[in-house]
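Here the structure is laid out as structure tokens; the discussion comes afterwards.
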Amino acid sequence: MTSVTFPEQLINGYRAFLQGRLRAEQDRYRELAQSGQSPEVMVIGCCDSRCSPEVIFNARPGELFVVRNIANLVPPYAPDTQAHGVSAALEFGVMALKVKHIVVLGHAQCGGIRAFAEDAEPLTPGDFIGNWMKLMAPAAEKIGPRGSRSMAEYLTLLEQENIALSLDNLMTFPRLRAIVERGGIALYGAYFGVATGQLSVRDPVTGKFTQVAAEDYAQLFAQPRF
Ligand SMILES: [Zn+2]
């Protein structure tokens, strides 16, 4: 008999899932297993362990179709012989699941973006990360050099411009572009403040990010502590 060791933290987490979410959602899981998933929202987020879209949006099973990668990047359309993870997920989300909304979810304190901004040494000898982060170059070009801006200010700008870049790159996929242009799919940019818990959404005209559910947020922190 072989014994498999599995991280205790995960087993305990699974136990909590059994008692909590599975107990509450078992019918929904069964239903989804039979009928298949049909999420209306696709999220393209960062791998960062603090930015789980399902947690931030309090999503139930079957509600979000999620693809995550370092710095929530969407590479431009490139129909070559390479394997493209994001493009494959997009194709499935758009063509098979027929999602109605695509959200690019960026965040504060993004390690990938900081590495790019600081021009850090590649983190791995194979340098997958360095090559991947090069996709961000057009966003950095757009906001220009750091100049007199503080590093924090510059990083926020870059994180937010990077979301705009991913949105632009989504429009390089011809079929997706056609669907967006006829109103079948809406694209959004959103930004999560890890330290604050604030969520902001990008105005497609001005490019500015504005906090959503600001009143709820303000109320939460206005309550007396005792
Ligand atoms: Zn990140």
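Whatever order the structure lists them in is the order used to number ligands and atoms, beginning at 1.
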Using residues 62-72 as the side-chain source, report each donor-acceptor pair under 3.5 Å to any protein atom, sequence neighbours left out, with the distance given to one decimal.
| unit_1 | atom_1 | unit_2 | atom_2 | d |
| --- | --- | --- | --- | --- |
| E63 | OE1 | R60 | N | 2.8 |
| R68 | NE | C46 | O | 2.8 |
| R68 | NH2 | C46 | O | 3.2 |
| R68 | NH2 | C47 | O | 3.4 |
| R68 | NH2 | D48 | O | 2.7 |
| N69 | OD1 | N72 | N | 3.3 |
| N69 | OD1 | L73 | N | 2.8 |
| N69 | ND2 | L73 | O | 2.9 |

>> So does C110 get a backbone contact from the side chain of E159, meaning a donor-acceptor N/O pair under 3.5 Å?
In response: yes

> Taking everything shown except R149 itself, do over 12 heavy atoms lie less than 6.0 Å from its CZ?
Replying inline: yes

> How long is the gap from CG on N162 to CD1 on I113, to the nearest 0.5 Å?
Replying inline: 4.0 Å

> Which protein N, O or S atoms sit under 2.8 Å from the Zn ion (ligand 1)?
Replying inline: C46 SG, H107 NE2, C110 SG

> Going hydrophobic residue to hydrophobic residue with side-chain gaps under 4.5 angstrom, can you get from V41 over to L199?
Replying inline: yes

> Any donor and acceptor pair, going by atom type alone, linking the side chain of R202 with main-chain N or O of A164 inside 3.5 Å?
Replying inline: no

